[in-house]
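Every chain is numbered from 1 and lettered A, B, ... according to where its sequence line falls, protein lines coming before strand lines.
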Number of protein chains: 2
Amino acid sequence: MGKVFQALSSDIRRKILAYLSASSMTAGEIAERFDISKPSLSKHLGILENAGLVSSEKKGQFVHYSLVEDNLLNTLNSFIHEVCPCGKIYVEESREKARAQTPGREVSQTEKPQRD
Amino acid sequence: MGKVFQALSSDIRRKILAYLSASSMTAGEIAERFDISKPSLSKHLGILENAGLVSSEKKGQFVHYSLVEDNLLNTLNSFIHEVCPCGKIYVEESREKARAQTPGREVSQTEKPQRD
DNA sequence: TTAGCAATTAGCCATTTAGCTAAATATGGT
DNA sequence: ACCATATTTAGCTAAATGGCTAATTGCTAA
């Protein structure tokens, strides 16, 4: 778990994860998007992959990278349970109540994403 | 948000957060628990406080530290929505289905905590 | 007011991190 | 075989991190 948080501690690495959220990309495509040299980016991708947040597949001379969503979600979730094992349910219940009482007004970040 | 992840990237700082999850403590009490000098620990507490993950209150010659649960939950949640905005609902639905089909068997980390 | 304890700040050193350029390692096309 | 392209590895430097001890600040109590 330390490796995951270490990986997430860098601004550019979090941006890379967000950039990969919609689709897989080659190392080159990612490097174009961010103002950084290819070797530097390669190292970041290596760190993300080593943390299990990203997976790579070589296709010919290209390497395609994609997000491993499950690892991210599971790690953050298990961390939350480690650190705030008791308080979480009250926060959740509070938000549910707020949602129920003033529907459409509670638009916090923690609200469930809409169904398509 | 960068500050929060930076703070979370350290092993000992995550341990401190976990240690504070049950109750507030003075800097000295925390320092006793971890094999580290008081000045070093003080710096860690400063980083956690600066990130908004911990709050401090001076009482006489002691400084009491306590966890700020909300900031942690909100930051992680908003990050998740940033990085996996679309896939999350499918993961959730999948888990709900699994839970419905084999009640009592699905005990993953992402399951809701029990009501007292 | 002076002694003593809690906590933080200052100053120092070793290690790690993040960036770069140049070189090496594929792979594909001619 | 040979050259061009994609990516990673090597090797370097500057800056950040994390630890320590010693010194400082603030408070309590004798």
Leu20(B)/Ile30(B) under side-chain contact (heavy atoms from CB on, under 4.5 Å): CA gap, chis, key distance, verdict: CA-CA 9 Å; Leu20(B) 286 175; Ile30(B) 302 171; 3.9 Å; yes

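- In terms of heavy-atom proximity, Glu82(B) sits nearest to Ser21(A) at O-OG, 4.5 Å.
- Formation of a donor-acceptor pair under 3.5 Å by the Glu32(B) side chain with backbone atoms of Glu29(B) is not found in this model.
- Here the P atom of nucleotide dA18(C) and the CG atom of Leu48(A) are 11 Å apart, to the nearest Å.
- A heavy atom lying under 4.0 Å from DNA chain D marks the following residues of residues 57-65 of chain A, by number: Gln61(A), Phe62(A), Val63(A), Tyr65(A).
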Can you give me the N/O atom pairs linking the protein to nucleotides 15-21 of chain D at distances under 3.5 Å, or say none if there are none?
from: dG18(D); atom 1: OP2; to: Arg13(B); atom 2: NH1; distance (Å): 3.3
from: dG19(D); atom 1: OP2; to: His44(B); atom 2: NE2; distance (Å): 2.3
from: dG19(D); atom 1: O6; to: Lys43(B); atom 2: NZ; distance (Å): 3.4
from: dC20(D); atom 1: OP1; to: Ser37(B); atom 2: N; distance (Å): 3.4
from: dC20(D); atom 1: OP2; to: Ser37(B); atom 2: N; distance (Å): 3.0
from: dC20(D); atom 1: OP2; to: Ser37(B); atom 2: OG; distance (Å): 2.6
from: dC20(D); atom 1: OP2; to: Ser40(B); atom 2: OG; distance (Å): 2.7

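- Lys15(A) has its NZ atom 14 Å from the P atom of dA18(C), to the nearest Å.
- Atom P of nucleotide dT9(D) and atom CD of Glu49(A) are separated by 10 Å, given to the nearest angstrom.
- Of all the heavy atoms in Gly2(B) and Arg14(A), the pair that sits closest is CA-NH2, 3.2 Å.
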side-chain contact (heavy atoms from CB on, under 4.5 Å) assessment of Ser56(A) paired with His64(A): CA-CA 5 Å; Ser56(A) 68; His64(A) 292 257; over 6 Å; no

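- The main-chain N or O of Gln6(B) is found under 3.5 Å from a side-chain atom of Arg13(B) such that the two form a donor-acceptor pair.
- Remark: side-chain polar atoms of Asn71(A) are paired, donor with acceptor, to backbone N or O of Ala51(A) under 3.5 angstrom.
- Pairing each heavy atom of Leu41(B) with each of Phe34(B), the nearest pair is CD1-CD1, 4.3 Å.
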